[in-house]
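Just so we're on the same page: letters track the sequence lines, and every chain starts at 1. Worth knowing before you read on, the calculation uses all heavy atoms, side chains too, and leaves out hydrogens, waters and symmetry mates. Everything numeric in this text was worked out from a predicted model, so none of it was measured.
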Amino acid sequence: MAETKRVLIVDDSSTSRMIIQRCVEMSAPRYGDFAHAENGMEALAMLREDQGYDLILTDINMPKMDGQTFVKLVKNDKLTRELPVIVVSSIADSAFVEGLLKLGVAAVIKKPVSPAKMLEAIGGIA
Amino acid sequence: MMDNLDAAKAETALVAAVQTALAEMVFIDTTRTPDLPALAQENRAAIDILKPISLRLEVSAGPVLRGRIADILYGEDSEWNRDDAFLELLNVSAGIFLSEYYGPGAELRLELPRYLFMKDDEEGESVAVAGFDAEGEPLMAALRSIRYRY
């Protein structure tokens, strides 16, 4: 039996975290072990304590540490830079998406997120 | 600041944003009403748009509709998540509004959504306002100009 993959969901809204988790469960059942963080700072602390995550799904607009800063720090750290990151955000204009892709983000999903959008984004990860 | 804003286009984008967010997130159909519903101050949530223009998007709904939204999203845990569910709906509405109004290419920036518990003395002029019937429950959405202070 294939090993269940672990996902870290980063969003200040508990509603958004719940919706994102449900969409992953519906579209990519191999990802079945979820942890949640409310902002980038909390997520970074979790990643430093535990290097076992397989995927990060993060919002951008968050208090304490926004998603762009969080992604930059993840991609500049040798312990985490290979981790695939998918951004799930209510804003996804082209310049914004281009900037995130340059940082190394695997995909950007515009909210409202759906299982179909999630499947397309996760499907692009090797 | 409002010189650059097309009020009619903004109103169309506002209506589309609220209707799309409710339909896609919680499968609630809305129809626009000719009159604006009377909703109490404590039922009003807002999100400020910082770029490309300073604007506040407000959505007001009574406790029955907010409860229904949370029930659809959460099921049995809805009581504790009612406020957050409505704020996330507003956040998504703001993203759709910006896409509808500006299309691709504009640099966009949003504040965090929040409830407005008291009338804000610095509230700016109304740009657009729309009332809705959300499957029997009243809902109102508005755009207001705001001054930005960084």
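- Contacts of B/A94 with chain A are absent, with no heavy-atom separation under 4.5 Å from either backbone or side chain.
- Environment of CD in A/E82: sparse, with no more than 12 heavy atoms of neighbouring residues, nucleotides or ligands closer than 6.0 Å.
- Atom OG of residue A/S90 and atom CD1 of residue B/I47 lie 6.0 Å apart, to the nearest 0.5 angstrom.
- With rounding to the nearest 0.5 Å, the separation of OG in A/S94 from CD in B/E107 is 10.5 Å.
- Comparing B/V92, B/N81, B/L112 by heavy-atom pairs within less than 4.5 Å of chain A, the highest count is held by B/L112.
- Heavy atoms from other residues, nucleotides or ligands lying under 6.0 Å from NZ of A/K72 number 12 at most.
- Here the OG1 atom belonging to A/T15 is positioned 7.0 Å from the CE atom belonging to B/M25, to the nearest 0.5 angstrom.
- Residue B/L110 holds its CG atom at 6.0 Å from CG of A/N61, rounded to the nearest 0.5 Å.
- A heavy-atom distance below 4.5 Å is found between the side chains of A/K111 and B/E88.
- Both the backbone and the side chain of B/I96 come within contact range of chain A, each with at least one heavy atom under 4.5 Å from a heavy atom of that chain.
- A continuous path of hydrophobic side-chain contacts links A/L57 to A/I125 [ILVMFWY only; heavy atoms under 4.5 Å].
- B/Y115 and B/V18 fall within a single hydrophobic cluster, where Ile, Leu, Val, Met, Phe, Trp and Tyr side chains are chained together by heavy-atom contacts under 4.5 Å.
- At a 4.5 Å heavy-atom cutoff, the contact between A/I19 and chain B is made by side-chain atoms alone.
- From A/S14, atom OG reaches atom CG of B/L73 across 10.0 Å, with rounding to the nearest 0.5 Å.
- Under the 4.5 Å side-chain heavy-atom criterion for grouping Ile, Leu, Val, Met, Phe, Trp and Tyr, A/I109 is not connected to A/M26 through any hydrophobic cluster.
- In the hydrophobic cluster analysis, where Ile, Leu, Val, Met, Phe, Trp and Tyr join through side-chain heavy atoms closer than 4.5 angstrom, B/V26 is grouped together with A/M118.
- The neighbour count for B/E135 CD, taken as heavy atoms of other residues, nucleotides or ligands under 6.0 Å away, is above 12.
- No continuous path of ILVMFWY side-chain contacts below 4.5 Å connects A/L119 to A/V24, so the two sit in separate hydrophobic clusters.
- Below 4.5 Å, heavy atoms of chain A meet no heavy atom from residues 59-71 of chain B.
- If you measure heavy-atom distances from B/L87 to chain A, you find no contacts under 4.5 Å at all.
- The CD1 atom of A/I60 sits 12.5 Å away from atom CZ of B/R109, with the distance rounded to the nearest 0.5 Å.
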*Going through the distances and angles, do B/N91 and A/S13 end up as a side chain to side chain contact (heavy atoms under 4.5 Å, CB included)?*
CA-CA 10 Å; B/N91 181 43; A/S13 164; over 6 Å; no

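- Proximity to chain A involves both the backbone and the side chain of B/Y74, based on heavy atoms less than 4.5 angstrom apart.
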